Engineer: 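Here it is, the structure, as structure tokens.
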There are 2 protein chains.
Amino acid sequence: MFATMLEPRLVQTTFFKNVLEALSDLFIEAHFEFSRTGLELQAIDTSRVALVALVLRAEAFNHYLCDRGLSMGLNLADMAKAFRCANNDDIITIKAEEDWTDTVTFTFESPEDGEILEFDFDFVGSNGVPLEIPEYQESEYQAIVRMPSAKFMRICKKLSSFGDSGDRDPVVIISVYKERVRSFARGKTGTSTTVCLQTQTVDKPKEPTLIEMKEEVSLIFDLKYMNSFSKASTLSDQVTINLSSELPAVFECKIAELGYIRYYISPRKEGGMQNLGDEMQRIAKEDKMQNEGDEMQN
Amino acid sequence: MFATMLEPRLVQTTFFKNVLEALSDLFIEAHFEFSRTGLELQAIDTSRVALVALVLRAEAFNHYLCDRGLSMGLNLADMAKAFRCANNDDIITIKAEEDWTDTVTFTFESPEDGEILEFDFDFVGSNGVPLEIPEYQESEYQAIVRMPSAKFMRICKKLSSFGDSGDRDPVVIISVYKERVRSFARGKTGTSTTVCLQTQTVDKPKEPTLIEMKEEVSLIFDLKYMNSFSKASTLSDQVTINLSSELPAVFECKIAELGYIRYYISPRKEGGMQNLGDEMQRIAKEDKMQNEGDEMQN
DNA sequence: CGTCCAGGAT
DNA sequence: ATCCTGGACG
């Protein structure tokens with residue numbers, strides 16, 4: 001009836017499950033673009049503070065057919081729901097019909113128990129209009145931190161358990177100085193600080209924590225963005241964080257040699273945003289003090 | 001003081017817990033009838049679309065005494081609450097006193113921690129008037145589907161996570177054709193379809209999916225009824241679904257050789273009910289299209 | 001602001 | 001199947 005124009009087929013259901021669970025809290029919809037070279041996904045959150053880009057080369061798919069490019073916006077919550085229904089070893093087929101330009105079909109096949117699950121997703125938002133993602137050079141960043149994603153997740157977990165002071169969106173202050181990276185959050189009745197030192201290369205050849213610093217930098221982020229990236233960071237062993245006081249920070253997770261997922265997160269401006277009050281400045285001030293304290297200890 | 005007229009005693013607290021949790025959402029009250037041969041329970045939902053019948057032979061009870069028959073209507077939500085308080089290994093005693101014709105006493109005994117819990121339930125509704133349940137022959141149905149209850153539950157779960165379009169009661173279209181059964185639901189921004197093929201007997205001697213079809217059939221049901229039955233279907237490994245465009249569908253769960261729980265559910269009539277609008281017809285139409293599409297693929 | 005119910009994760 | 005977390009309602 002209709003010709004099949006696009007049919008990437010892949011086995012890693014878990015991969016997309018993880019991605020969708022990570023994204024769907026924060027991002028309502030995403031722009032998907034399938035092309036001969038692979039998949040590119042982009043989304044921006046409602047407050048336009050964070051932007052996520054996922055790139056997955058065709059080789060990442062078990063089987064990838066793509067006759068012509070297809071660009072579409074999809075609702076992420078619905079997709080997450082759909083993928084939750086899938087078994088881990090299902091074969092997934094994504095199909096768009098030739099003349100059917102407002103719907104895409106995801107099929108989950110479970111050969112052994114003879115079950116075929118099919119979802120049609122309506123296109124949403126501004127289809128065909130991918131976001132403009134600026135390309136920054138590594139050299140533009142004041143500090144670049146690499147660490148095991150497990151470590152990053154642990155830090156986020158601590159911060160979010162502690163940093164909820166109840167009266168505003170929890171934030172974290174990330175500072176890099178003297179080959180260490182510090183995460184600071186304020187809770188109801190105290191503060192929490194995690195300092196990660198650069199690992200000695202002799203100690204741990206695998207999973208090192210590396211800190212390249214051109215200049216000290218200290219930035220404030222909403223914890224919710226960190227948490228979302230933290231979920232996504234299960235996709236790889238290592239995360240990379242690029243920090244600059246001038247540019248959006250980049251939190252990146254490389255997916256083998258097959259692609260990456262990257263969050264561009266604008267730091268909060270102290271006093272610049274309506275919901276940053278005196279308290280925010282006090283935190284920043286304390287933070288500075290602690291910096292100085294650390295230096296004294298050395 | 002009063003003679004104990006009825007004293008069925010059983011250990012399977014979990015059994016009744018499950019039944020009550022399944023029923024109490026949908027059915028306000030149920031008619032209980034204890035007789036020498038066992039228990040029969042019947043209930044009809046407020047919109048009179050679904051009817052449930054539970055039959056449990058005396059042998060299903062650990063210990064069953066019944067001097068004379070007792071017929072009573074009881075509030076299911078209250079009973080569910082009571083059973084929630086019971087431990088799984090409690091001994092339950094149901095007692096009605098001779099001259100006490102408007103109350104029944106449920107006692108939960110936990111021998112090890114010496115706790116006795118007692119509930120008195122007032123009779124409600126039209127006591128002594130069981131519902132008329134028509135007896136249909138299997139031969140009257142256009143299609144009979146048997147499948148593992150786990151599979152049925154999975155399908156219901158999928159449908160209800162996806163099929164909530166927000167603006168009306170979620171429904172499912174169940175179709176049988178060509179030795180497959182298809183469940184279709186529409187969500188906010190897409191649709192979900194599950195196709196179950198008949199399992200090959202060589203593949204899985206246990207827990208097969210069997211489809212006996214005399215004629216293709218496609219029916220619309222409110223998801224809430226399916227979900228209620230889905231909960232009850234934990235009582236057995238296998239469920240049986242009898243479908244006909246003329247009769248109420250029967251969803252049955254056999255309880256070993258000891259009884260069964262059976263839902264009689266009237267399908268929605270397209271266009272016949274006030275809350276079936278154009279959309280419903282569109283779904284049915286799409287559904288038909290998909291049917292035809294499937295056929296072309298064969 | 002606290003309570004209750006539903007959904008998801010272990 | 002149970003427990004915990006998040007969201008909705010009173």
Side-chain angles (χ1 to χ4, degrees), chain A residues 13-28 45-46 75-88 117 153-154 156-170 187-188 222-228 230-234, chain B residues 11-28 76-90 148-167 169-170 185 187-188 192 222-237 253:
Chain A
T13 308
T14 314
F15 178 90
F16 278 98
K17 265 188 179 170
N18 288 339
V19 170
L20 290 168
E21 292 300 335
L23 298 184
S24 59
D25 285 338
L26 215 47
F27 305 93
I28 306 295
D45 84 300
T46 44
N75 179 290
L76 288 172
D78 274 353
M79 289 194 69
K81 270 183 212 162
F83 274 79
R84 265 179 223 141
C85 302
N87 302 305
N88 277 338
L117 185 55
M153 285 188 276
R154 247 180 296 130
C156 285
K157 204 173 166 185
K158 278 181 216 166
L159 290 170
S160 43
S161 74
F162 199 88
D164 188 2
S165 61
D167 51 350
R168 68 173 60 74
D169 289 347
K188 268 196 190 62
D222 276 271
L223 250 178
K224 62 181 174 185
Y225 301 117
M226 310 282 289
N227 284 331
S228 176
S230 170
K231 281 186 201 164
S233 70
T234 52
Chain B
V11 185
Q12 307 92 318
T13 308
T14 315
F15 178 90
F16 279 99
K17 263 190 179 170
N18 287 339
V19 171
L20 291 167
E21 292 300 335
L23 299 185
S24 59
D25 286 340
L26 213 49
F27 304 93
I28 306 298
L76 288 170
D78 278 351
M79 290 193 68
K81 271 182 210 155
F83 274 79
R84 268 181 220 138
C85 302
N87 302 305
N88 275 338
D89 50 358
D90 280 359
S149 40
K151 191 179 232 174
F152 183 81
M153 284 188 277
R154 244 182 300 130
I155 293 173
C156 284
K157 202 173 166 185
K158 283 175 208 170
L159 290 171
S160 43
S161 81
F162 201 89
D164 188 2
S165 62
D167 52 350
D169 289 347
K188 264 195 194 63
S192 155
D222 276 271
L223 251 178
K224 61 183 175 185
Y225 301 117
M226 309 283 289
N227 283 330
S228 175
F229 176 71
S230 169
K231 282 185 199 162
S233 71
T234 52
L235 302 176
S236 159
D237 292 340
C253 198

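Everything quoted here is computed from the prediction, not taken from an experiment.
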Engineer: Check B:Ser228 against B:Leu26 and note the closest heavy-atom contact, atom names and distance.
Structural biologist: CB-CD2, 3.4 Å
Engineer: With under 30° as parallel and over 60° as perpendicular, where do the rings of B:Phe229 and B:Phe152 fit, or are they tilted in between?
Structural biologist: perpendicular
Engineer: Quick one: does any side-chain atom of B:Ser236 pair with a main-chain N or O of B:Cys253 as donor and acceptor, under 3.5 Å?
Structural biologist: no
Engineer: Mind listing the closest non-hydrogen atom pair of B:Ser230 and B:Met153 along with its distance?
Structural biologist: OG-CG, 3.3 Å
Engineer: Nearest 0.5 Å, please: how far is OG1 in B:Thr14 from CZ in B:Phe83?
Structural biologist: 10.5 Å
Engineer: Between protein and nucleic acid, restricted to nucleotides 4-10 of chain D and to nitrogen or oxygen atoms under 3.5 Å apart, what atom pairs and distances do you find?
Structural biologist:
none

Engineer: For A:Ala77, give me all partners under side chain to side chain contact (heavy atoms under 4.5 Å, CB included), at least two apart in sequence or on another chain.
Structural biologist: A:Asn75
Engineer: Polar atom pairs between nucleotides 7-10 of chain C and protein, under 3.5 Å, N or O only, would you list them?
Structural biologist:
from, atom 1, to, atom 2, distance (Å)
C:dG8, OP1, A:Arg84, NH1, 2.9

Engineer: Below 4.0 angstrom, N of the basic side chain to O of the carboxylate: do A:Asp25 and A:Lys231 qualify?
Structural biologist: yes
